[in-house]
Amino acid sequence: MKLYCLSGHPTLPCNVLKFKSTTIMLDCGLDMTSTLNFLPLPLVQSPRLSNLPGWSLKDGNAFLDKELKECSGHVFVDSVPEFCLPETELIDLSTVDVILISNYHCMMALPYITEHTGFTGTVYATEPTVQIGRLLMEELVNFIERVPKAQSASLWKNKDIQRNSGCSMEDGWECRDGGRKTRLLPSPLKDAVEVSTWRRCYTMQEVNSALSKIQLVGYSQKIELFGAVQVTPLSSGYALGSSNWIIQSHYEKVSYVSGSSLLTTHPQPMDQASLKNSDVLVLTGLTQIPTANPDGMVGEFCSNLALTVRNGGNVLVPCYPSGVIYDLLECLYQYIDSAGLSNIPFYFISPVANSSLEFSQIFAEWLCHNKQTKVYLPEPPFPHAELIQTNKLRHYPSIHGDFSNDFRQPCVVFTGHPSLRFGDVVHFMELWGKSSLNTVIFTEPDFSYLEALAPYQPLAMKCIYCPIDTRLNFIQVSKLLKEVQPLHVVCPEQYTQPPPAQSHRMDLMIDCQPPAMSYRRAEVLALPFKRLFEKIEIMPELADSLVPMEIKPGISLATVSAVLHTKDNKHVLQPPPRPAPPTSGKKRKRASEDIPDCKVLKPLLSGSIPVEQFVQTLEKHGFSDVKVEDTAKGHIVLLQEAETLIQIEEDSTHIICDNDEMLRVRLRDLVLKFLQKF
Amino acid sequence: MQGTAKALPGAAHGPKVRARRESGLSIPTLWVTAAWRPRKERGSQPGTPGSEGGSGALSGKSFNSSRKGVPGGTGLGSRTQGGWGPGPGRVLLQVQAPGRGRGPRAGPAWEPGLRPLHPPALGSHARPLGYAQAPPRQIRLRSVPPPPARVYLPCRRRRSRRCWTRRPAPSHRPAARDWLSAVQSEGPERGRAFPAGAPEAGAPGCACAVRAAGLVPAELRSWAVVGQAWSVGSGSAAATGWGAACRMPEIRVTPLGAGQDVGRSCILVSIGGKNVMLDCGMHMGFNDDRRFPDFSYITRNGRLTDFLDCVIISHFHLDHCGALPYFSEMVGYDGPIYMTHPTQAICPILLEDYRKIAVDKKGEANFFTSQMIKDCMKKVVAVHLHQTVQVDDELEIKAYYAGHVLGAAMFQIKVGSESVVYTGDYNMTPDRHLGAAWIDKCRPNLLITESTYATTIRDSKRCRERDFLKKVHETVERGGKVLIPVFALGRAQELCILLETFWERVNLKAPIYFSTGLTEKANHYYKLFITWTNQKIRKTFVQRNMFEFKHIKAFDRAFADNPGPMVVFATPGMLHAGQSLQIFRKWAGNEKNMVIMPGYCVQGTVGHKILSGQRKLEMEGRQVLEVKMQVEYMSFSAHADAKGIMQLVGQAEPESVLLVHGEAKKMEFLKQKIEQEFRVNCYMPANGETVTLPTSPSIPVGISLGLLKREMAQGLLPSAKKPRLLHGTLIMKDSSFQLVSSEQALKELGLAEHQLRFTCRVHLHDSRKEQETAARVYSHLKSVLKDHCVQHLPDGSVTVESILIQAAAHSEDPGTKVLLVSWTYQDEELGSYLTSLLKKGLPQAPS
């Protein structure tokens with residue numbers, strides 16, 4: 001039982017579990033923080049961005065100036081943005097049998113895995129996960145494809161450049177030999193992990209092909225994998241259709257907890273009870289902002305938004321097209337009137353804005369209880385339906401088209417992508433960045449807002465950071481662990497120490513007994529449990545023939561001789577076939593002379609023989625001249641007449657006699673009377 | 001008492017029962033757990049062993065008296081009492097006295113002929129009470145559905161508590177009496193309701209025979225009689241005796257409604273000791289007490305909650321859920337009720353509608369109230385499709401898509417390895433708004449399927465749709481009005497979609513209306529539960545929600561008098577009241593107009609009358625309405641036809657099939673077809689009849705991986721000629737069952753192996769040296785035992801497998817050598833063979 005860790009990002013995990021005979025990939029997260037190293041993709045030609053100076057080395061060598069641009073002291077790659085893929089070399093991904101997806105954020109690398117590694121298995125995910133995941137992918141592909149970029153930089157990724165610094169390419173080798181392993185590139189490019197694995201975005205065709213491999217599942221549905229393992233998704237409370245997974249056989253249970261929430265937001269609450277009695281609990285996807293309280297952040301979000309709008313400024317909210325935005329809209333719905341914002345237009349701009357808003361209304365079964373009861377009325381579960389109806393919220397596929405006609409300021413714009421590197425948000429940053437009246441409010445916790453803003457510096461607009469991350473925090477984790485009591489906890493290494501920025505906060509780490517096992521990218525963990533038992537079924541006919549005997553109070557034994565049938569990893573014991581009845585006496589005779597062929601296994605024996613009783617029994621059965629001699633270890637019983645000697649010790653008996661089968665069998669039976677058979 | 005038993009179903013087996021009773025062996029088979037429950041623990045049942053009370057644990061008398069004996073009536077209702085509590089054993093051990101047939105309960109009858117079971121060596125171990133006294137036994141392992149095991153008690157008692165009991169109706173509930181009389185008067189409808197005095201049952205020995213269990217003729221209503229009637233009739237043991245019944249776990253099914261009938265679906269299923277009620281519907285054809293199932297069948301005055309583990313509702317049609325508030329609030333049931341989300345959403349609306357018609361329009365008293373509907377819905381647990389719902393530790397249910405109406409589901413009910421699938425109503429062909437029913441190859445023990453269209457194979461839906469559109473189109477073209485009476489949910493939406501797309505394609509201008517209220521609301525449900533509709537609608541709903549109709553507008557009463565053509569969908573569907581009837585009266589006189597009935601109409605309704613050709617209708621107030629408008633019938637009901645039913649049976653691969661929700665004659669036809677094609681048993685019980693299916697679930701135990709791997713390493717497939725046997729020891733400790741290798745078993749129990757070794761002296765005439773003798777023995781054995789590993793060791797000894805042979809000189813006779821052949825008990829066969837082989841001497845060596 002091994003865990004292969006393919007991703008270093010704790011909230012966008014990608015692990016492979018080998019369990020019994022199956023290979024199961026847990027999540028397929030795509031680390032998109034790599035895009036922060038790239039220049040934004042503007043929808044409209046931006047003179048500022050295109051005129052950024054090229055970057056050159058300290059010694060003036062400018063061979064990278066085509067690829068690297070400098071903006072306010074930061075260096076960016078001027079190229080189509082690339083994503084950091086999960087490790088593909090650690091394990092042969094074509095051997096993966098199934099992929100289990102826990103939520104729509106954790107499936108973004110799916111096309112890379114299913115389309116380019118020879119993967120032939122099945123992907124399991126819930127319906128909302130698939131539908132919203134599709135929207136996220138569609139949006140991503142759309143954002144990148146609609147702004148074709150001629151340049152695709154690759155030189156900067158060159159290994160030598162990556163490794164060396166302070167000297168030019170030509171003497172790179174020398175530098176390395178000299179042991180000066182400082183890096184050539186400026187921060188943060190030099191610290192970027194695994195640049196060689198970075199890949200450009202997939203196409204819609206690949207997305208469709210990947211999604212066609214998904215099989216829909218419902219919460220608490222038991223899915224058999226090859227008869228060996230059963231997997232079950234459980235509600236995790238984090239997002240629509242988000243799930244934790246239980247991977248179990250009859251005797252072992254692994255829980256995979258990824259992106260769970262105990263807060264009451266729109267999704268169905270987390271199912272904790274089913275996680276109990278796990279042998280191993282893999283814990284990923286905890287909150288990325290452990291110090292922030294989501295409720296407080298929502299309040300801050302609303303008040304900042306109102307403040308800006310009242311002052312005549314515009315508010316920009318970079319966000320994903322699904323998820324927290326539903327909660328934000330719901331808060332605003334309650335807040336608008338009291339804050340006097342009823343005349344302010346809210347715009348939601350995304351190629352999938354309409355789909356996202358529509359889809360959110362049809363997953364009644366995946367919603368929390370309150371929202372379900374609304375559907376039963378029947379009313380739409382989310383109040384944004386009303387916002388749309390009253391024209392307070394409008395959605396557009398992009399800033400082109402209808403939007404430019406309807407556009408009124410001041411306004412609030414929700415749009416993507418939260419990395420600020422592509423999507424309509426780039427346009428609004430360029431448009432509103434120069435005025436201090438405007439505000440950009442960051443709510444998505446996935447990207448560091450300072451890094452996100454770097455290519456837009458200098459910036460006059462206000463920046464508010466209200467990350468809303470409803471995933472488990474460390475207090476909740478320790479409560480959860482106390483509740484479900486797993487034997488072992490496995491988690492990314494980031495969770496076993498306090499965050500680097502707050503190294504004194506010992507409370508911001510997982511604290512459990514035994515200490516959690518940690519993993520990092522490209523590591524293989526041997527999970528600490530040994531399988532001892534397997535389920536087998538005894539056919540009723542066989543069970544009928546078993547004769548148990550009680551060995552100790554409450555413990556009975558029965559010896560079993562049966563035929564083992566194994567099919568589809570299921571084992572069945574059937575009664576042994578009846579020996580064919582001997583056809584004639586002649587043959588039977590011959591049969592006894594046959595070499596014993598099928599080795600009839602005799603049971604093992606246990607117990608000890610009380611000599612006195614044994615002697616009595618012998619005498620009772622007609623052995624008259626029994627003599628007993630004591631030896632160091634036991635006794636020797638002599639039957640002089642039969643020239644037979646029986647050595648009796650604590651745990652062995654040895655019958656030494658002449659070749660007299662009758663006598664031997666008689667003695668054997670007498671001895672066996674005192675012993676138990678196994 | 002036994003005399004009266006004859007008059008009861010299954011009484012043909014009376015003598016057997018009597019014989020046992022007379023011998024005082026009240027409960028013939030003793031069930032104990034692996035832990036060997038002491039007798040006194042077992043004795044917690046009512047009555048003393050051997051007494052009538054004990055034997056008839058099922059009898060109403062003992063049942064009742066013991067109830068009375070315990071304050072608060074918790075005596076039998078309580079699960080914690082005595083052996084009722086969840087016990088440790090998952091597997092049952094049945095102890096039998098050989099030669100006695102079914103062993104008696106551990107009572108005095110067990111005493112004679114006792115002898116110690118085990119050698120005295122075992123005597124040092126303390127044995128629980130009752131164990132030492134047990135006669136030589138054969139112990140049977142019995143599977144009771146797995147995890148957290150429970151004790152199977154003396155089976156009769158268990159039944160008495162957990163199974164349907166049929167007792168006479170109490171005087172304070174006339175409903176039951178009426179039901180009873182209805183049953184009797186309706187003889188033909190319920191063909192198998194037996195008349196008094198005529199034993200009716202499957203032939204003895206036919207354990208699966210359908211047995212009429214339920215209906216006790218009125219004149220036999222006395223406690224004792226009824227008690228026995230139950231035990232004989234429904235106990236399934238009648239044919240083969242109690243022992244058989246106990247040994248064989250079984251599934252029992254009793255329809256309270258929908259048995260050889262359409263309407264009032266309500267089916268009781270007993271599986272693995274769990275009782276489940278499937279659907280709880282009302283009958284549209286009755287307005288008296290017969291409209292609801294007779295729940296007193298389950299228990300007369302006990303709490304239903306104690307007798308039912310859960311209730312499952314397949315979909316929101318009133319003939320499947322109409323009795324629910326009555327059942328849960330008026331009769332009283334507090335356990336869980338399972339249904340899908342859309343059903344949970346829509347069901348209360350239809351119930352409220354039904355209540356209004358019954359109470360407000362017809363002025364019925366003693367009907368359930370709105371509050372009762374609400375309270376009832378609070379007991380509902382919503383399930384997802386394919387979700388495995390763990391009702392308790394053993395009972396699990398799973399919903400599959402049925403495609404009959406929005407949210408309709410089929411349910412799999414599973415206890416351990418036994419399972420039943422109930423289809424509810426389903427449709428195997430996708431229609432305009434719903435998908436087709438689907439189930440995986442779950443191989444249930446029993447498939448309970450509807451059979452509304454058991455004999456029909458319908459033409460393709462496309463044809464019917466074309467016909468429908470053609471008729472509507474023609475009428476509209478000639479300026480006529482079309483009335484389509486529908487029920488608010490289901491067909492209405494399908495037909496709306498049909499007309500909407502047609503109007504768009506042909507660009508018709510005539511207005512389409514649907515009657516206000518429910519239908520609009522209904523469309524909204526379809527919009528919100530769009531994940532339950534078919535693939536096409538789901539895929540396109542973002543661009544265009546099929547349930548947002550452009551051409552179809554809300555109807556206003558005044559529109560009916562508008563001139564010009566129009567199409568109106570109006571509720572209700574059978575023209576028995578409400579808006580559809582009003583419009584019908586207005587339009588009936590004009591031959592240009594048309595009414596299209598898209599579904600089944602119950603007898604007595606206007607819909608039924610006009611469909612049967614009546615053209616002059618007597619309306620209230622002695623008015624006579626002449627119907628000149630055209631009347632058309634189109635079957636749009638979404639039930640599977642015969643082909644569909646066969647298809648589903650093929651999909652699920654059940655071990656047997658049971659038909660409900662259909663007419664007896666048609667069922668008979670389908671039953672034969674199923675039996676022919678799938679070679680499985682097919683049943684069609686009438687209401688109140690019980691079908692009993694014995695099952696033989698296997699017993700799950702844990703095998704040590706070492707043992708399994710060792711076995712698997714020797715090759716996977718055992719050949720038929722040379723079966724290879726797996727040998728191991730089954731350790732039964734409390735509730736855990738482990739199969740381990742013998743060595744491991746010894747280790748685990750902390751016992752040392754006792755080695756038993758034999759050494760035989762075989763005298764050989766051979767004057768040569770010992771080494772040469774050994775060499776000769778070696779070559780001889782080598783040539784004889786080709787399949788065995790024969791070795792000549794450097795020290796001069798010869799081994800055959802693990803058997804050691806040494807040659808020694810004879811102390812007295814130099815011409816004789818002594819071969820010492822030594823083997824362990826485990827190699828006895830080979831050892832004894834070798835000695836006999838060597839005894840014959842060695843072949844003369846070629847010198």
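A note on names: the letters A, B, ... follow the listed sequences, proteins ahead of strands, and every chain is numbered from 1.
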(message) Can you confirm whether B/Gln543 is buried at CD, in the sense that more than 12 heavy atoms of other residues, nucleotides or ligands lie under 6.0 Å from that atom?
(response)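 Result for CD/B/Gln543: enclosed.
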(request) Return yes when atom NZ of B/Lys398 has more than 12 non-hydrogen atoms of other residues, nucleotides or ligands closer than 6.0 Å, and no otherwise. (result)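 Atom NZ in B/Lys398 is packed in, count exceeds 12.
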For chain B, which candidate among [options] shows the most heavy-atom pairs at distances under 4.5 Å?
{"options": "A/Cys657, A/Gly218, A/Pro576", "result": "A/Cys657"}
{"options": "A/Val375, A/Ile646, A/Thr373, A/Leu216", "result": "A/Val375"}
{"options": "A/Met539, A/Glu358, A/Glu649, A/Lys222", "result": "A/Lys222"}
{"options": "A/Thr559, A/Ile656, A/Asp658", "result": "A/Asp658"}

(message) The criterion is side chain to side chain contact (heavy atoms under 4.5 Å, CB included); which residues satisfy it with A/Lys535, sequence neighbours excluded?
(response)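 So A/Lys535 forms a side chain to side chain contact (heavy atoms under 4.5 Å, CB included) with A/His250, A/Tyr251, A/Glu537, B/Pro700.
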(message) side-chain contact (heavy atoms from CB on, under 4.5 Å), that's the test. Do B/Tyr825 and A/Leu672 meet it? Break it down for me.
(response) CA-CA 10 Å; B/Tyr825 174 64; A/Leu672 286 181; 3.6 Å; yes
Within the structure provided, determine whether [X] and [Y] are in side-chain contact (heavy-atom separation under 4.5 Å).
{"X": "B/Ser836", "Y": "A/Glu661", "value": "no"}
{"X": "B/Phe737", "Y": "A/Ile538", "value": "no"}
{"X": "A/Leu573", "Y": "B/Leu739", "value": "yes"}
{"X": "B/Arg538", "Y": "A/Glu127", "value": "yes"}
{"X": "A/Leu645", "Y": "B/Thr759", "value": "no"}
{"X": "A/Val217", "Y": "B/His386", "value": "no"}
{"X": "A/Pro380", "Y": "B/His524", "value": "yes"}
{"X": "B/Leu756", "Y": "A/Ile655", "value": "yes"}

Go through the atoms of [X] and report whether side chain, backbone, both or neither lie under 4.5 Å from a heavy atom of chain A.
{"X": "B/Ser822", "answer": "side chain"}
{"X": "B/Val389", "answer": "neither"}
{"X": "B/Leu749", "answer": "both"}

Distance from [X] atom [atom1] to [Y] atom [atom2], nearest 0.5 Å?
{"X": "B/Leu705", "Y": "A/Lys530", "atom1": "CG", "atom2": "NZ", "value": "8.5 Å"}
{"X": "A/Leu542", "Y": "B/Leu730", "atom1": "CG", "atom2": "CG", "value": "9.5 Å"}
{"X": "A/Gln361", "Y": "B/Ile530", "atom1": "CD", "atom2": "CD1", "value": "12.0 Å"}
{"X": "A/Gln647", "Y": "B/Arg757", "atom1": "CD", "atom2": "CZ", "value": "11.0 Å"}
{"X": "A/Leu564", "Y": "B/His727", "atom1": "CG", "atom2": "NE2", "value": "12.0 Å"}
{"X": "B/Gln344", "Y": "A/Gln372", "atom1": "CD", "atom2": "CD", "value": "7.5 Å"}

Output the option from [options] having the highest count of non-hydrogen pairs under 4.5 Å with chain A.
{"options": "B/Glu828, B/Glu753, B/Lys839", "result": "B/Glu828"}
{"options": "B/Ile703, B/Leu820, B/Val542", "result": "B/Ile703"}
{"options": "B/Leu837, B/Thr824, B/Val821, B/Leu746", "result": "B/Leu746"}
{"options": "B/Ser704, B/Gly706, B/Ala745, B/Ala382", "result": "B/Ser704"}

(request) For the pair A/Phe533 and B/Leu708, evaluate side-chain contact (heavy atoms from CB on, under 4.5 Å) and give the outcome as yes or no after the intermediate values. (result) CA-CA 9 Å; A/Phe533 283 96; B/Leu708 183 67; over 6 Å; no
(request) Can you label the angle between the A/Tyr376 ring and the B/His341 ring as parallel, tilted or perpendicular, going by 30° and 60°? (result)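 Correct class here is tilted.
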What is the minimum heavy-atom distance between [X] and [Y], and which atoms define it?
{"X": "A/Ile362", "Y": "B/Lys527", "value": "CG2-O, 3.7 Å"}
{"X": "A/Ala543", "Y": "B/Ile699", "value": "CB-CD1, 3.3 Å"}
{"X": "B/Gln826", "Y": "A/Leu605", "value": "NE2-N, 4.1 Å"}
{"X": "B/Ser696", "Y": "A/Pro540", "value": "O-CG, 3.5 Å"}
{"X": "A/Leu377", "Y": "B/Lys521", "value": "O-CE, 3.2 Å"}
{"X": "A/Pro378", "Y": "B/Tyr525", "value": "CB-CE2, 3.5 Å"}

(request) Kindly confirm or rule out a cation-pi arrangement of A/Arg664 over B/Phe758, judged by NZ or CZ under 6.0 Å from the six-membered ring centre and within 45° of its axis? (result)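 Yes, A/Arg664 lies over the aromatic ring of B/Phe758.
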(message) According to side chain to side chain donor-acceptor pair (under 3.5 Å), who are the partners of A/Thr653, at least two apart in sequence or on a separate chain?
(response)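 In terms of side chain to side chain donor-acceptor pair (under 3.5 Å), with neighbours along the sequence ignored, A/Thr653 is linked to B/His754.
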(message) Given heavy-atom pairs under 4.5 angstrom as the criterion, report whether the side chain, backbone, both or neither of A/Gln268 touches chain B.
(response)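 A/Gln268 touches chain B through side-chain heavy atoms alone.
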(request) Could you tell me whether the side chain of A/Ser220 and the main chain of B/Thr388 form a donor-acceptor pair under 3.5 Å? (result)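 Absent.
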